[in-house]
Amino acid sequence: MTEATEKAPENCVLNDENLPGFLAGICLGVVANVRDVREKKIRPEEAADRDDATVRMLAQILMGEHERIRLETSPGMPKPGPELLEALVEREPGLFAHLPAGSTRGGNPRALMVEAARSFLSDTYSTLRALWRSPSLTNDLMDSTIAEFGTKWAARLTARGELS
């Protein structure tokens with residue numbers, strides 16, 4: 001066990017203050033995976049496996065089922081799990097737009113939350129591709145874009161963001 005692992009908290013609580021940074025951290029993890037694939041440190045399949053694990057982890061957090069990471073609710077915020085999923089289906093239909101019509105009603109809540117998490121990861125890649133194509137890309141632009149991205153998605157995934 002490493003020193004960092006020994007000092008890691010047993011449980012983590014995500015809230016209004018740190019959820020945007022957590023999501024921005026996922027985005028930075030994608031950046032690291034892309035870099036590692038380009039530098040041939042990992043295979044593309046390994047990066048895809050990491051993406052799948054990230055999607056599952058995020059869905060578990062949003063469903064209130066992760067063993068170590070809990071999403072803390074605040075006033076006006078739906079509780080993680082079915083209540084949050086119902087609010088996401090209503091307020092953020094774009095997260096589920098690629099699914100067959102009617103599949104968001106009466107479907108498997110966990111599978112639907114995985115789809116919401118996949119939408120987040122897909123937008124992560126889209127945002128990064130657009131950023132990397134920018135002729136004026138700087139570290140400051142990358143940092144601010146990723147921070148804004150985390151803030152936007154924190155609001156969306158807690159059903160408090162703007163409607164799609």
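One-based numbering along the sequence shown.
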Taking every non-hydrogen atom, the tightest pair across Thr158 and Pro78
O-CD, 3.4 Å
Those residues that, when tested against Asp36, pass salt bridge (Lys or Arg N to Asp or Glu O under 4.0 Å) (two or more places apart)
none
Please report the shortest heavy-atom distance between Ala159 and Arg91, naming the atom on each side.
O-NE, 2.9 Å
Is the positively charged end of Arg156 above the ring of Trp153, judged by distance under 6.0 angstrom from the centroid and angle within 45° of the axis?
yes
For ring pair (Phe, Tyr, Trp, His ring centres under 6.0 Å), just list the numbers for Phe120 and Tyr125, CA-CA rounded to whole Å, side-chain angles, deciding distance to a tenth of an Å, and then say yes or no.
CA-CA 9 Å; Phe120 163 79; Tyr125 277 99; over 10 Å; no
Hydrogens and angles aside, do Arg68 and Asn11 bring a side-chain donor and acceptor to less than 3.5 Å of each other?
no
Can we say Asp49 and Arg43 salt-bridge, meaning some charged N sits less than 4.0 Å from an Asp/Glu carboxylate O?
no
Are Val37 and Val31 connected in the hydrophobic side-chain network, where two residues link if heavy atoms are under 4.5 Å apart?
no
Does atom CD of Glu17 have more than 12 heavy-atom neighbours, drawn from other residues, nucleotides or ligands, at distances under 6.0 Å?
no
Testing the basics here: between Asn33 and Ala47, what is the closest heavy-atom pair and its distance to 0.1 Å?
CB-CB, 4.3 Å
For the hydrophobic clusters of this structure (ILVMFWY residues joined by side-chain heavy atoms under 4.5 Å, transitively), does one cluster hold both Met77 and Leu58?
yes
Specify the closest pair of heavy atoms between Arg160 and Ser74, including all atoms of both residues, with the distance to one decimal.
NH1-OG, 3.4 Å
Quick check: is Met63 connected to Leu14 through a chain of hydrophobic side chains (ILVMFWY, heavy atoms under 4.5 Å apart)?
yes
For Glu39, I'd like to know if atom CD has over 12 heavy atoms of other residues, nucleotides or ligands within 6.0 Å.
yes
Would a single hydrophobic cluster contain both Ile69 and Leu23, if residues Ile, Leu, Val, Met, Phe, Trp and Tyr are joined by side-chain heavy-atom contacts under 4.5 Å?
yes
Which atom names give the shortest non-hydrogen contact between Leu62 and Leu84, and what distance separates them?
O-CD2, 3.6 Å
For the residue pair Thr138 and Leu141, what are the closest heavy atoms and their distance?
OG1-N, 3.0 Å
With hydrophobic residues grouped by side-chain heavy-atom distances under 4.5 Å, do Phe22 and Val30 end up in a single group?
no
Rounded at 0.5 Å granularity, tell me how far CE in Met142 sits from CG in Leu28.
6.5 Å
